Amino acid sequence: MRYLPLTDTDRGEMLAKVGAKSIDDLFVDVPEVAQLDGPIHDLPMHASEMAVERHMKTRANKNLSAGDTPFFLGAGAYRHHIPASVDTVIQRGEFLTAYTPYQPEIAQGTLQMLFEFQTQVARLYGCAVANASLYDGSTACWEAVAMAGRMTRRKRAVLSGALHPHYAQVVKTMAQFTGDTIADNLPAIQTEPDNAGLMSRIDDETSCVVVQYPDILGRIPDLSELAEAAHAKGALLVVVNTEPVALGAIKSPGEMGADIVVGEGQSIGVGLQFGGPYLGLFAVRDPKHVRQMPGRLCGETTDAEGKRGFVLTLSTREQHIRREKATSNICTNSGLCALAFNVHMTLLGEKGLRELATENHRLACKTADRLEQIPGVSLLNSLFFNEFTVRLGGKLAREVVRDLADKGVLGGVSLDRLYPGVEALNDALLVAVTETTTDEDIEALATTLEEALA
């Protein structure tokens, strides 16, 4: 079957319709250096289906799976054990084929799942109301900034330097189209988060302050004073959480005064999956803010016969209402990922989540203690959950990471990779540890790291 079964006449009619003389006119915004002047080199023009399958399998076998090697990568995407029952449930036909309930009254199973999901997220975040999920954590972060702007009628957002740089970049990218001013910063490489410096940047034009918890260096800031400082200036506090398992061990953002809490739900029920699809979480502490939330909310009701039922209570997506009244146009609901989150969280329960968090923290502390025994290695932050930063005594962390990978150990994320060109971060390595980490993995990391620093 041809991928583009169009005739020259078909293509000519389409080009005429959009006012283009040739197909090349459609790519004028692509730099010439990035354009090909012919077929992709070394790629045959055709091959049999079996030959393509063999070739692609050979290429796929070159991938290194997270489960095949000691794995200490984190920085917003974490390897956790997902029970087999999660996959069993989400592959049921009534769930697997459902995208989103555009006719919600006939999708009671999906609506009930989303209602339960919202309850789980709200309780996890210490908030009153959560929505039925968003695209991912980074876009959820932007949605929070946009919502804060609508609520305060201000156009300046202050970002913590310890916010994940990819999240900050998404916010800055979207702000280009809304006229918002984004005041960001670089992380201060110090034991404690620079809350005082962050509070000093809040002014009377600030719509919100965005902080990560735990932050990009693994530190756990106290948000209470920050919330008070933001509220004193009429601004909102937006808290980003990229590791929801941490909230089984540390105080929820809502308890400390956060107005909007967003984050990435990948750690619960969703595998690493080469970077996606993932799951955006979004909740507000005050129920009066519910109508400014992006996305959709499912609610519980009773039908004409008094039976329990579920409905799509609020839907502020541009697909459902007039574009100018929509709170967002990127609030895609990752429904299957939300279901995986819901199933895994249900299996864990509150007790299971706390036990999982405790095991993550125990293993992270054990890893940090072992790495501190290596000459030249120093621990930046002693207060952390399952992710922490180590300094390598001036040794370039990117080179060390490559050395470790060559020896079969994925030893962490170099901060220079996240902040290229920032010299102060060149020797900083972010190490993540989860319940999947074994004692043998920890010793392999320590041994290869000591060899790399020798």
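Just so we're clear, the structure is a prediction, and the values are computed from it rather than from any experiment. FYI, the numbering just counts along the sequence from 1.
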| message | Against Leu410, only a single residue in Leu404, Leu64, Asp68 fulfils side-chain contact (heavy atoms from CB on, under 4.5 Å); can you say which? | response |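 The single option meeting the side-chain contact (heavy atoms from CB on, under 4.5 Å) with Leu410 is Leu64.
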
| Which of these, Val400, Val401, Asp403, Val431, sits in a side-chain contact (heavy atoms from CB on, under 4.5 Å) with Leu449? | Val400

Any chance the side chains of [X] and [Y] put a donor and an acceptor closer than 3.5 Å?
X	Y	answer
Ser414	Asp416	no
Tyr78	Glu387	yes
His164	Asp215	no
Thr58	Asn61	no
Ser267	Glu243	yes
Asn195	Glu225	no
Gln120	Glu116	no
Glu255	Ser252	yes
Ser138	Gln169	no

| Salt bridge flag under 4.0 Å for residues Arg402 and Glu399 | no

| Under 4.0 Å between a Lys/Arg side-chain N and an Asp/Glu carboxylate O for Asp180 and Arg156? |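 No, no charged N to carboxylate O under 4.0 Å.
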
Measuring from atom [atom1] of [X] to atom [atom2] of [Y], what distance do you get when rounded to the nearest 0.5 angstrom?
X	Y	atom1	atom2	value
Lys351	Leu356	NZ	CG	14.0 Å
Lys407	Leu445	NZ	CG	12.0 Å
Glu300	Gln118	CD	CD	11.5 Å
Thr206	Lys155	OG1	NZ	14.0 Å
Leu111	Arg296	CG	CZ	8.0 Å
Asp87	Ile82	CG	CD1	8.5 Å

Any side-chain heavy-atom pair of [X] and [Y] under 4.5 Å:
X	Y	result
Leu396	Asp427	no
Thr367	Leu371	yes
His361	Asn386	no
Arg79	Leu73	no
Asp441	Phe72	yes
Pro244	Leu124	yes
Gln212	Thr242	yes
Thr436	Phe71	no

[X], [atom1]: over 12 other non-hydrogen atoms inside 6.0 angstrom:
X	atom1	answer
Gln176	CD	yes
Leu36	CG	yes
Glu32	CD	no
Arg417	CZ	no
Arg398	CZ	yes
Arg308	CZ	yes
Glu192	CD	no

Where [X] and [Y] come nearest, the two heavy atoms and their spacing:
X	Y	answer
Gly161	Tyr419	O-OH, 3.8 Å
Leu114	Ala338	CD2-CB, 4.2 Å
Val261	Gly254	CG2-N, 4.3 Å
Leu217	Thr389	O-OG1, 2.9 Å
Ile442	Leu363	CD1-O, 4.2 Å
Ser334	Leu279	O-CD1, 3.9 Å

| query | Between Glu143 and Met293, is a side chain to side chain contact (heavy atoms under 4.5 Å, CB included) present by the stated rule, with each step listed? | reply | CA-CA 8 Å; Glu143 298 288 7; Met293 292 176 67; over 6 Å; no

| task | Determine, stepwise, if the pair Lys251 / Asp222 fulfils salt bridge (charged side-chain N to carboxylate O under 4.0 Å, His left out). | result | CA-CA 9 Å; Lys251 188 178 290 188; Asp222 184 349; over 6 Å; no

| Steps toward side chain to side chain contact (heavy atoms under 4.5 Å, CB included) verdict (Leu272, Gln266) | CA-CA 7 Å; Leu272 288 168; Gln266 173 269 323; 3.9 Å; yes

| Sub-3.5 Å donor-acceptor pair from the side chain of Asn360 to the main-chain atoms of Phe385, do we have one? |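 Between the backbone of Phe385 and the side chain of Asn360 there is no qualifying donor-acceptor contact (under 3.5 Å).
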
| task | Could you walk me through whether His80 and Glu435 pass the side chain to side chain donor-acceptor pair (under 3.5 Å) test, one step at a time? | result | CA-CA 7 Å; His80 289 283; Glu435 75 284 358; 2.7 Å; yes

| field | Stepwise salt bridge (charged side-chain N to carboxylate O under 4.0 Å, His left out) check, Glu53 with Lys57 | value | CA-CA 6 Å; Glu53 287 177 351; Lys57 186 174 182 179; over 6 Å; no

| query | Please walk me through it: do Asp194 and Leu198 pass side chain to side chain contact (heavy atoms under 4.5 Å, CB included)? | reply | CA-CA 6 Å; Asp194 185 19; Leu198 182 58; over 6 Å; no

| Phe117 pairs by ring pair (Phe, Tyr, Trp, His ring centres under 6.0 Å) with which of Phe310, Phe341, Phe282? | Phe341

